[in-house]
Structure formats: structure tokens, C-alpha cells
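Down below is the structure, laid out as C-alpha cells.
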Amino acid sequence: MYDITGKTALITGGTRGIGAAISQLLAERGCKITATYRSDSEAAKELLKSLPGQGHKVYSCDVTAPDQIAELFEKMQKEDQGLDILVNNAGIGYHHPIDKVNYQSWQEGWQQVLATNLIGPANMCYHAAALMKLQQSGVIINISSRGAYRGEPLMPAYGASKAALNSMTQSLAYQLAPYNIRVGAIAPGFVETDMSRSRLVGEIGEGIRSQSPMHRVAQPTEIAEAVLLMSQSNIWMTGSVWDINGASYFR
Ligand code: NAP
């Protein structure tokens, strides 16, 4: 396996769920981790304590606040920290089915979800690309979703945000290639985390598990393994969206 020891990795929402599994695995492989979160400082402290190795950091940074993103990168530059791997993982889901919600909830859903799942990553990419351009190397990995392809009837803004994230991935892959910056996306199906756990019980949970012929959902560590592979610079990956969904959906 390609050696990523000593590389620096920034993971948004890197303190819980899939993000925490990514932080953990990259730290085990010798990366220096900066994990960000929105408000759950307890989970952030726990994560920091659990990471193997030295020099890791956690910061609160709301990806919907462009100023906080700019401050985060200023801090990193002051500390003379380069950036080899950015993982845009922070994301939210929001139930707002068109035939069931009032106009205000409909709008809130679109605004909050696009701000978090699309515009946040776009702003993170802007600052990361500036740093990586100086180094003439880096990889940006966007955590997308199967919902980008099959739609999300109950969470239409979520599906649309991930489809747009995939498109952004391809645009940036092309534009940043001359600087040796690779950009890719990973599109998981259901993963057992706080975001999905309440839907994984009872009959609905059974239905979700049987979407895969393996009759289960993914664990966060399985998504982290895909991120690790994509982060390695010895593979011909840029502009790709990898389906990691246990054959629960073919496109
Ligand atoms: P999760 O368990 O709900 O964790 C979300 C993480 O994102 C938390 O660390 C949270 O911070 C952070 N976050 C949320 N909004 C933020 C904001 N505005 N600014 C900064 N950080 C923010 O979610 P997950 O299930 O691990 O999902 C991670 C990614 O995988 C998301 O992009 C999601 O769309 C994608 N995904 C998940 C599934 C699934 O079934 N779980 C499937 C496909 C794709 P706090 O801890 O402070 O709240």
C-alpha cells in the first residue's frame, strides 16, 4: 500500500460517524489529522483522545459560514501546516417531501441542505486548492451519496445536493489537474451512523438492509477504507465518483 505517513489531512465533520472513521483510519496510517465539527465538542474531544499518533487537532467550523472556513485556513497557514488531503464529509439530511410540508419548511430544507452539502464543500475546495496549488500536489475527496443517482423522494434537497457535488467534483478535477491536484467523490449507500440509525429499526430497517443482496448496510469503517484508497497518489484517479453501496443500486 502507498505510504501516506506524515501527510496532513483535513476532514470536515471528522469527529462523528463516517468522518470519525476516516480520521481514525488516516491517523492509523500516519497522517496528521485536522478534524472539524459544527457543535458537538464532546464528540470532538473523544475523537482527539482516541487518535493514534501526534499533532492532531480538532476545530469547530460551521461549513455554512464562509468566514469560519476562511479563518480555519488562516489558522492552518499560520501554523505552517500544508494540506495533502481534504475530505469534504460534513453533511446533513432533511426530510421535506413536497406533498407533505408547508412552503416555509420546503424552503428551509433547500437552503440548509444546499448550504451544508454543496456550498460548504465548494468554499472548502476554494481555500484548499489555493494551498495545494502552492505545493503542486493534493487530493480532495467529496463524500457524496447513492441518492445523487436514484433520487431521495423524502429528502429532495439532499439528493440534489449530492448530484451537484458530483458535478462539482468533475469540474474541479479538470480545472485543478494542471496543478497535480486530484479530485474525486465517494457515493455510499446506507451507512450505520447517527444520521441513519433511526431508520434502520423495525420493518423499515429490514427493507433498507434488503436493498443490498448482502442484506446489510455499510459500517463507517468501510467508507473510510475507500477514502484511504482514493487518497493514494499512485492510482489514476481524478474526476471519478466511486459507488460504495453493496450492489444496492446500479447506474
Ligand atoms: P453524522 O453521523 O450525522 O455526522 C455528521 C458530521 O458532520 C458531524 O461531525 C457534524 O458535526 C458535521 N456537520 C454537520 N453539519 C455541519 C456543518 N454545518 N458544519 C460543520 N460540520 C457539520 O453523518 P454521517 O452519517 O457520518 O454522514 C457523513 C457524510 O456521509 C455526509 O456527507 C452524508 O451525507 C454522507 N452519507 C451518509 C450516509 C449514511 O447512511 N449515513 C449515506 C450516504 C452518504 P457535529 O458533530 O458538531 O454535529
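First listed ligand is number 1; within each ligand, the first listed atom is number 1. Residue numbers run from 1 in the order of the sequence given.
- Counting heavy atoms under 4.0 Å from ligand 1, residue Asp40 touches it through both backbone and side chain.
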>> With side chain to side chain contact (heavy atoms under 4.5 Å, CB included) as the criterion, how do Arg29 and Leu26 come out once you've worked through the C-alpha distance, each side chain's angles and the decisive distance to 0.1 Å?
In response: CA-CA 5 Å; Arg29 297 300 169 124; Leu26 295 186; 5.6 Å; no

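- Within the listing of ligand 1, atoms 9 (O) sit less than 4.0 angstrom from a heavy atom of Thr15.
- Within the listing of ligand 1, atoms 2 (O), 26 (O) sit less than 4.0 angstrom from a heavy atom of Gly17.
- Taking only non-hydrogen atoms, the option from Ser144, Ala90, Ala35 nearest to atom 44 (C) of ligand 1 is Ser144.
- Distances from atom 18 (N) of ligand 1 to the heavy atoms of Val87, Asp62, Asn245 show the closest one on Asp62.
- Looking at Tyr158, Phe190, Tyr37, Tyr59 and measuring to atom 36 (N) of ligand 1, the nearest heavy atom belongs to Tyr158.
- The residue from Asn142, Thr36, Leu86 that alone fulfils the side-chain contact (heavy atoms from CB on, under 4.5 Å) condition with Met124 is Leu86.
- Here Glu79 pairs with Lys57 in a salt bridge; the nearest charged N to carboxylate O distance falls below 4.0 Å.
- The shortest N or O to N or O distance between Gly14 and ligand 1 is not under 3.5 Å.
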>> Could you go through Gln219 and Glu192, starting from their C-alpha distance and side-chain angles, then the distance that decides it, and tell me whether this counts as side chain to side chain contact (heavy atoms under 4.5 Å, CB included)?
In response: CA-CA 6 Å; Gln219 290 303 310; Glu192 192 175 346; 3.1 Å; yes

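- Residue Ile18 has at least one nitrogen or oxygen atom sitting less than 3.5 Å from a nitrogen or oxygen atom of ligand 1, judged on distance alone.
- With hydrogens and angles left out, the side-chain atoms of Asn102 and Ser105 include a donor and acceptor closer than 3.5 Å.
- Nearest protein neighbour of atom 40 (O) of ligand 1, counting heavy atoms only, is Val191 N, 2.8 Å.
- Within the listing of ligand 1, atoms 29 (C), 30 (O), 32 (O), 35 (C) sit less than 4.0 angstrom from a heavy atom of Ile143.
- Checked by atom type, the side-chain pair Asp84/Thr8 shows a donor-acceptor distance below 3.5 Å.
- Ligand 1 has a nitrogen or oxygen under 3.5 angstrom from a nitrogen or oxygen of Arg16.
- Taking only nitrogen or oxygen atoms, main chain and side chain alike, Ser39 reaches within less than 3.5 Å of ligand 1.
- For ligand 1 and Cys61, the ligand atoms under 4.0 Å from any heavy atom of the residue are 19 (N), 20 (C).
- In summary, the side chains of Glu108 and Tyr94 do present a donor paired with an acceptor at a separation below 3.5 Å, with no hydrogens or angles considered.
- Partners of Asn245 by side-chain contact (heavy atoms from CB on, under 4.5 Å), not counting sequence neighbours, listed by chain and number: Arg146, Asp243, Ser248, Tyr249.
- Protein heavy atom at the shortest distance from atom 3 (O) of ligand 1 is Met195 CB, 3.7 Å.
- The N/O atoms of Asn89, backbone and side chain alike, include one that comes under 3.5 Å of an N/O atom in ligand 1.
- Considering backbone and side-chain N/O atoms, Thr193 comes within less than 3.5 Å of an N/O atom of ligand 1.
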>> Applying side chain to side chain contact (heavy atoms under 4.5 Å, CB included) to Tyr158 and Lys162, what does each step give before you reach the verdict?
In response: CA-CA 6 Å; Tyr158 181 84; Lys162 297 298 190 180; 3.7 Å; yes

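- Shown here is Gln54, whose CD atom has no more than 12 heavy atoms of other residues, nucleotides or ligands within 6.0 Å.
- Under 4.0 Å from ligand 1, the heavy atoms of Ile92 that appear belong solely to its side chain.
- Scanning all protein heavy atoms for the shortest distance to atom 11 (O) of ligand 1 gives Arg38 N, 3.4 Å.
- Looking at Gly189, Gly13, Gly120, Ser196 and measuring to atom 42 (C) of ligand 1, the nearest heavy atom belongs to Gly189.
- Proximity of Ile140 to Met132: side-chain heavy atoms (C-beta onward) are separated by under 4.5 Å at one or more points.
- Using a 4.0 Å cut-off between heavy atoms, Lys162 contacts ligand 1 through its side chain alone, with no backbone atom that close.
- Atom 19 (N) of ligand 1 has Val63 N, 2.9 Å as its closest protein atom, hydrogens excluded (heavy atom only).
- Gln81 and Gln77 share no donor-acceptor pair across their side chains, judged by distance under 3.5 Å alone.
- Salt-bridge check for Glu222 with Arg216: passed, with a basic side-chain N closer than 4.0 Å to an acidic carboxylate O.
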